[in-house]
Amino acid sequence: MNYSIVENGDKIIVKTNDFDPIHIFECGQCFRWNREEDFSFIGVAFGKILNVKKEDNCIIFSNTNLDEFNDIWFKYFDLGRDYSKIKKKLSKDPILKEAVNFGSGIRILNQDPFETLISFIISANNGIPRIKKSIELICKRYGDCIGEYNGKKYYSFPTPEVLSKVSMDELRECSVGFRDRYIYSAANMVANGEIDIYNLKYLSINGARDTLMKFPGVGPKVSDCIMLFSMEKHGAFPIDVWVKRVMEYFYLKEDTSLKKIQVYGQEKFKNLAGFAQQYLFYYARELGIGK
DNA sequence: GGGCAGGTCTAAG
DNA sequence: CTTAGACCTGCC
């Protein structure tokens, strides 16, 4: 991809056109980034606090340094991938062309698999504000305080070992509702080595999906989110209500089962299905398509 | 108060 | 294998 990186104090400045914090953090893939008054975003990932701001075609990463940027954020923001190329390919489809144009700064983050597993278990039949609230409570109560930024303390996501020792009653206090037993089981299955979530990325997409669905509370949609947002399985095609609506509205023209939409999407977009899903999701939700 | 929100589980055809 | 109903919780 076409970009340059400059270090300046605690800031790293990257020039690129395929990066918009609003698109990236509000396209449904992550829950720990919050918009500030100056339209920058502050978030935590891999135990570090970062501020991200866009000014013209420059992206300014604050509260970091070049080593940390290379170790963590380059991969996290998928900066080694050429999104112009992906967008060009997808834009051959007239509907995707609109969606890509609308969310032109979307990038698919490379998040931590365990955090992504628990976060998307919480997301089931839930709303974004409450998902975020639950995750923050879990981090505050069971994660480590990793420092202060602008006078506010930030906390890491707890490890499988720590979370596996949290009781279901304590989880309920984080307002996760009926998902308490799912989180409890999932954390224990990871902590006791029953499922090696950190090596699932080496399996095929179907192999990884079958394994992920052994976790209680993980069905087809959640498993595909985990694969797409933390395992670089870009052939995954998670279908939530918005993707169902937009697919029926533009392509299928009738009420269609989730299973059929998933097969349709994967066959139509192939190894770019996950990217297509993100552009379509953002487009549909922001514009309220099909509601 | 009943409905709804980034689905999944369960029980039944 | 496909399809209804229930489900925590908190804000309309």
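Computed from a prediction, not measured in an experiment: that's the story for all the values here. Chain letters run A, B, ... following the sequence lines, proteins first, then strands; residues in each count from 1.
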query: In whole Å, what is the span from the CG atom of A:L137 to the C1' atom of C:dC8?
result: 15 Å
task: Report the distance from atom CD1 of A:I261 to atom C1' of C:dT2, rounded to the nearest whole Å.
output: 14 Å
message: My understanding is that only residues two or more places apart in sequence, or in another chain, count here; which of them pass side-chain hydrogen bond (donor to acceptor under 3.5 Å, both in side chains) with A:T64?
response: A:E68
- line: Per the 3.5 Å Watson-Crick/G-U criterion and a run length of at least three, the stems involving DNA chain B are B:2-5 with C:9-12, B:7-13 with C:1-7
query: With the sugar-phosphate defined as primed atoms, P, OP1 and OP2, and the base as all remaining atoms, what B/S/- string results for nucleotides 6-11 of chain B, 5' to 3', for protein heavy atoms under 4.0 Å?
result: BBSS--
query: Using the C1' atom in both, what is the distance from C:dT2 to B:dG6, to the nearest Å?
result: 23 Å
message: Work out how far the P atom of B:dT8 is from that of C:dG10, and round it to whole angstrom.
response: 22 Å
Protein N or O to nucleotides 3-6 of chain C N or O, pairs below 3.5 Å:
none

Return all side-chain donor-acceptor pairs below 3.5 angstrom for residues 89-103 of chain A, not counting sequence neighbours, or 'none' if the list is empty.
| unit_1 | atom_1 | unit_2 | atom_2 | d |
| --- | --- | --- | --- | --- |
| A:S91 | OG | A:K87 | O | 2.6 |
| A:D93 | OD1 | A:I95 | N | 2.9 |
| A:D93 | OD1 | A:L96 | N | 3.0 |
| A:D93 | OD1 | A:Y251 | OH | 3.0 |
| A:D93 | OD2 | A:Y251 | OH | 3.4 |

statement: Taken to the nearest whole Å, NZ/A:K133 to C1'/C:dC8 is 12 Å
- request: Could you tell me which residues satisfy side-chain hydrogen bond (donor to acceptor under 3.5 Å, both in side chains) with A:D20, sequence neighbours excluded, listed by chain and number?
  value: none
- prompt: Atom NZ of A:K260 to atom C1' of C:dC1: distance rounded to whole Å?
  reply: 11 Å
- line: So side-chain hydrogen bond (donor to acceptor under 3.5 Å, both in side chains) across residues 190-199 of chain A, not counting sequence neighbours, yields A:D112-A:Y198, A:D196-A:N199
Got a list of side-chain donor-acceptor pairs under 3.5 Å for residues 129-138 of chain A, not counting sequence neighbours?
| unit_1 | atom_1 | unit_2 | atom_2 | d |
| --- | --- | --- | --- | --- |
| A:R130 | NH1 | A:N126 | OD1 | 3.4 |
| A:K132 | NZ | A:W33 | O | 3.2 |
| A:K132 | NZ | A:N34 | OD1 | 2.9 |
| A:S134 | OG | A:R130 | O | 3.2 |
| A:S134 | OG | A:C174 | O | 2.9 |
| A:S134 | OG | A:S175 | O | 3.0 |
| A:E136 | OE1 | A:R32 | NH2 | 3.1 |
| A:E136 | OE2 | A:R32 | NE | 2.9 |

statement: Residue pairs meeting salt bridge (Lys or Arg N to Asp or Glu O under 4.0 Å), one or both in residues 141-159 of chain A, sequence neighbours left out, come to A:R141-A:E173
message: With side-chain hydrogen bond (donor to acceptor under 3.5 Å, both in side chains) as the rule and sequence neighbours excluded, what pairs involving residues 229-239 of chain A come up?
response: A:K75-A:E232, A:R81-A:E232
task: Mind telling me whether A:Y182 and A:F178 have parallel, tilted or perpendicular rings, with 30° and 60° as the class edges?
output: perpendicular
- request: Sort and list the pairs that fulfil side-chain hydrogen bond (donor to acceptor under 3.5 Å, both in side chains) and have at least one residue in residues 260-273 of chain A, not counting sequence neighbours.
  value: A:D224-A:Q262
query: Once you round it to whole Å, what is the distance between C1' of C:dG10 and NZ of A:K132?
result: 17 Å
A:I121 CD1 - C:dC8 C1' separation (whole Å): 15 Å
Residue pair A:S167, A:D169: steps toward the side chain to side chain donor-acceptor pair (under 3.5 Å) verdict: CA-CA 5 Å; A:S167 71; A:D169 285 339; 5.3 Å; no
query: How does the hydrophobic cluster around A:Y149 look, that is, which other residues are in it when side-chain heavy atoms under 4.5 Å mark a link?
result: A:I42, A:V44, A:I49, A:I146, A:Y154
query: How would you label the contact of A:R179 with the nucleic acid (heavy atoms, under 4.0 Å): base, sugar-phosphate, or nothing?
result: base
